[in-house]
Amino acid sequence: MHPFARLIVITLVVLINNVSVHKNALAEDKTSEAVHLNTSSTSDGENPLIKMNPINVIGIKPEQAPKPGASTLKGRALRLQQNDTLGQTLSEELGVSNASFGPGVGIPVIRGLTGSRVRILQNGIGTHDATSLSPDHALAIDTLFANEIKVLRGPETIRYGGGAIGGIVDVSDDRIPQRRAKETVSGTIESRYNTNANGTHSAFTLNTGKDRLALNLGGFFRDRNDIRIPGKAIDEAFAVQQLGLTEISNASGKIPNTDNKSIGGFTGLSWLGDQVMAGMSVSHTDNRYGIPRGSHHLDPNHLDGLETILPRLDDIAGFEDIFGPQALFPNIRVNMRQTRYDFKSEWYEPIQGIDSISFRYGLVDYGHTEFEGGLPFTRFNNKAGEGRVEMQHNLLHNLSGTFGLQWIDRKFSALGVETFVPETKQLSIGLYTTQTYTLNNWSLQGGLRFEHSQVNPKENELKLRGSALSPVPLPDSLDFQAISASLGLQWNPRQDFTATLTYNHGVRPPDIQELFSFGPHLSTRSFDIGNVQLKNETVNMIDLGFEWKTARASMRINGYYNRTSDFIYQRNTGLFYEVDNEVIRQRCVSVAQCVSMFAYDQRSAEFIGYESSIDATLYQLPQGNLSLTLFSDYVRGRFVNNDRSDVPRMPPLRYGSELGFGNPVWNMALRYTRAEEQPHPGTNETSTRGYHLLTVSADYQLKANQWMDLWFFAKGYNLLNEEIRNSVSFLRNFAPEPGRSFILGVRATF
């Protein structure tokens with residue numbers, strides 16, 4: 001039996017036994033209750049038949065004004081947009097792009113920023129995987145568990161530290177039960193199939209409990225073959241322009257080594273009292289995926305003399321041990337695993353004026369091994385603990401807010417052939433407050449944060465084998481202090497109109513890889529060089545937004561300007577490093593042997609952009625409503641000094657429309673997106689062509705019986721089967737986005 005199926009069967013057996021016991025207990029409770037009522041009916045008529053004690057409702061937070069710069073994806077919209085990766089799931093959100101690295105990796109890009117500038121959270125605590133270290137590392141999150149995904153870009157980012165200066169993505173999945181179980185057993189089962197690469201993705205959640213105890217369980221399984229594409233994997237114009245190669249070995253119709261298999265699950269248990277709750281969860285994820293190999297094999301035109309032995313590349317009879325397929329075309333695979341422990345406790349309304357005092361802590365043990373040709377090359381380990389203590393108050397009239405303490409203790413290492421980051425310890429502590437004052441139709445929000453970060457490398461120098469580069473001495477410790485502040489003003493002159501003006505001053509200390517990288521990283525085809533002289537990165541951003549809503553139409557527009565001092569970026573030096581010969585060259589001799597050299601540097605940069613959308617109900621018909629959505633977003637990033645060159649890997653101008661028809665039971669939608677050419681790729685980078693993206697979706701909700709609801713859905717992606725080179729992807733020239741695909745699925749809720 002398949003491990004995933006075995007897990008479901010065992011879980012169902014346990015829960016069925018629990019249901020039986022619970023039903024017997026309920027029957028006994030009802031009998032006792034009937035006897036009590038009969039006794040009460042014979043009492044003196046002056047006394048009430050049933051005496052009810054007052055009930056104090058606690059733990060319900062008052063409705064708050066919308067937060068500036070915040071958007072939430074949930075319900076039907078979330079279910080239709082859910083995909084294998086978080087970046088792909090959010091790719092239709094305004095201002096958000098997907099930094100893909102093949103189909104197995106997708107990281108959200110917010111207004112052109114990602115990596116160490118965008119914090120990815122799971123129920124309020126960081127994922128602490130290796131996504132900020134390198135763009136080829138997948139997130140340790142399965143999107144099918146998500147009940148809600150929030151994207152924050154305003155004063156609230158103060159709560160999460162310098163790593164959130166570009167924004168927050170918080171995935172909520174309620175793995176720690178938040179409320180008492182209403183039913184003996186409830187849950188969901190979902191399964192979907194993708195015609196492109198025969199991908200399957202299934203997940204289940206089960207919720208049960210009795211009295212003050214609540215238990216949640218969940219599991220998922222994902223499997224996919226190599227992704228199909230409409231053209232060739234490697235952009236041959238790029239090979240000529242950047243690498244100087246006119247003849248390369250190229251794949252067509254699909255991207256080899258992009259298959260993926262992942263399995264995982266969680267269990268969460270809570271005790272839910274009248275004013276206090278305490279809970280914990282344990283989760284584990286195993287993810288095995290391939291890195292697109294279009295750039296990682298030997299070039300048959302430059303075999304350094306092997307062509308005299310092998311006149312034909314496909315004729316290796318008698319030479320399998322030395323020149324087998326894996327020797328000539330080594331696959332790069334990533335085996336990732338993460339075990340995570342989460343703890344949560346809340347005390348509701350301990351005294352008057354205090355809404356709650358909460359404690360959150362996450363302990364993450366993450367690791368992945370990168371294999372080349374079946375041999376382990378590099379082992380990444382990241383052990384991190386993140387905690388947060390927070391108090392929410394309404395101490396003064398019209399004033400509410402939070403006071404909090406956050407700390408992160410992290411130990412990172414990357415050991416093996418590609419040890420390009422030494423073992424390092426990092427400790428950061430932050431004190432913060434966010435406050436909101438409301439008066440009539442005005443709301444003023446502000447935040448302040450003090451943060452200290454200390455980084456301690458274990459090694460005293462960075463060095464390579466051979467003599468390509470001289471050793472780089474390292475300090476015993478690096479300390480960074482950061483003070484961040486934010487301010488937001490919201491005006492509601494009418495019930496249907498909101499105007500917001502926000503200012504963010506964010507300070508981010510350099511991350512580990514930005515300080516200490518020194519060596520080749522074959523998965524990204526780069527030689528990364530860190531910089532121990534890096535200073536804090538400082539962001540000053542102004543955001544002006546307007547939102548208008550009526551019964552049949554709504555409009556939203558945001559414009560922003562971001563000036564970042566000492567912006568940390570990877571500068572393409574224009575040089576190449578030959579991995580085998582350990583030498584630096586000005587020109588690439590072989591696409592298999594050389595990798596581009598990137599050095600971390602700092603320059604002041606500015607980002608200017610907007611996001612806008614218009615939603616309107618065109619017709620209200622008996623069968624359903626016909627609606628139209630128009631949308632567009634854009635960001636331009638440039639360095640502000642010297643030659644005012646472009647910040648690399650910025651998303652292009654996007655605009656489009658969506659036509660929908662349906663009602664609460666069923667819905668159909670056709671969405672068209674036009675992405676223009678990205679002519680500002682950055683120094684020594686290549687531009688990307690524009691593309692047309694056409695998608696279609698349909699779903700239908702069916703109440704199967706009194707205890708189960710079914711939801712059927714289908715989605716078609718890239719219906720025009722266009723070759724799409726993603727400008728925010730490091731691997732855009734080696735792995736285009738998937739071609740035409742159809743996703744079919746069903747979700748049962750019981």
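Remember, it's a predicted structure, so these values are computed and weren't measured experimentally.
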Checklist entry - Any sub-3.5 Å donor-acceptor pair from N531's side-chain atoms to Q533's backbone N or O? => result yes
Checklist entry - Under a 4.5 Å cut-off applied to non-hydrogen side-chain atoms, are R571 and I529 in contact? => result no
Item to check | Contacts of type side-chain contact (heavy atoms from CB on, under 4.5 Å), residue R224, not counting sequence neighbours | outcome: D84, P103, A197, I227, N260
Next on the checklist: With no hydrogens and no angle check, just 3.5 Å: does a side-chain donor-acceptor pair link S262 and Y289?
Outcome noted: no
Item to check | Check: D129 and H137 side chains under 4.5 Å, non-hydrogen atoms | outcome: no
Checklist entry - Does the side chain of S729 pick up a donor-acceptor pair with the side chain of E737 at under 3.5 Å? => result no
Next on the checklist: A side-chain contact here means heavy atoms from C-beta on lying under 4.5 Å apart; do F734 and P292 qualify?
Outcome noted: no
Checklist entry - Do the side-chain N and O atoms of S116 and D511 include a donor-acceptor pair separated by under 3.5 angstrom? => result yes
Item to check | N287 and H368 side chains, donor-acceptor separation under 3.5 Å | outcome: no
Item to check | All salt bridge (charged side-chain N to carboxylate O under 4.0 Å, His left out) counterparts of E606, not counting sequence neighbours | outcome: R638, R644
Checklist entry - Roughly how far, to the nearest 0.5 Å, is OG1 of T695 from CG of L670? => result 7.0 Å
Checklist entry - Any ion pair linking D566 and R508 (charged N to carboxylate O, less than 4.0 Å)? => result no
Next on the checklist: Quick check against the 3.5 Å criterion: does E514 have a side-chain atom that pairs as donor or acceptor with the backbone of L534?
Outcome noted: no
Checklist outcome for this item: Rounding to 0.5 Å, atoms CG (L653) and CZ (R674) come to a distance of 9.0 Å
Next on the checklist: Can you confirm whether the side chains of N558 and D543 place a donor and an acceptor under 3.5 Å from each other?
Outcome noted: yes
Next on the checklist: So, taking the atom named CZ in F380 and the one named CE in M336, what distance separates them when rounded to the nearest 0.5 Å?
Outcome noted: 13.0 Å
Item to check | Any I568 side-chain heavy atom under 4.5 Å of P510 side chain | outcome: yes
Checklist entry - Taking atom CZ of R649 and atom OG of S97, what is their separation to the nearest 0.5 Å? => result 13.5 Å
Next on the checklist: Please check if the number of heavy atoms outside R689 that lie under 6.0 Å from its CZ is greater than 12.
Outcome noted: no
Item to check | Distance-only side-chain donor-acceptor flag, R603 / S645, under 3.5 Å | outcome: yes
Next on the checklist: Side chains of N562 and T564: any donor to acceptor distance under 3.5 Å?
Outcome noted: yes
Next on the checklist: My understanding is that only residues two or more places apart in sequence, or in another chain, count here; which of them pass ring-ring contact (aromatic ring centres under 6.0 Å, His included) with Y691?
Outcome noted: none
Item to check | side chain to side chain donor-acceptor pair (under 3.5 Å) between N733 and T686, worked out | outcome: CA-CA 8 Å; N733 294 311; T686 56; 3.1 Å; yes
Next on the checklist: Going by salt bridge (charged side-chain N to carboxylate O under 4.0 Å, His left out), name the residues that satisfy it together with R636, two or more places apart in sequence or in a different chain.
Outcome noted: D646
Item to check | Test salt bridge (charged side-chain N to carboxylate O under 4.0 Å, His left out) applied to E93 - qualifying residues, sequence neighbours left out | outcome: none
Next on the checklist: For S613, give me all partners under side-chain contact (heavy atoms from CB on, under 4.5 Å), at least two apart in sequence or on another chain.
Outcome noted: L94, R556, D615, F631
Checklist entry - Would you say the ring centroid of F567 lies under 6.0 angstrom from that of F607? => result yes
Checklist entry - Between N721 and R740, is there a donor-acceptor pair closer than 3.5 Å when you use the side chain of the first and the backbone of the second? => result yes
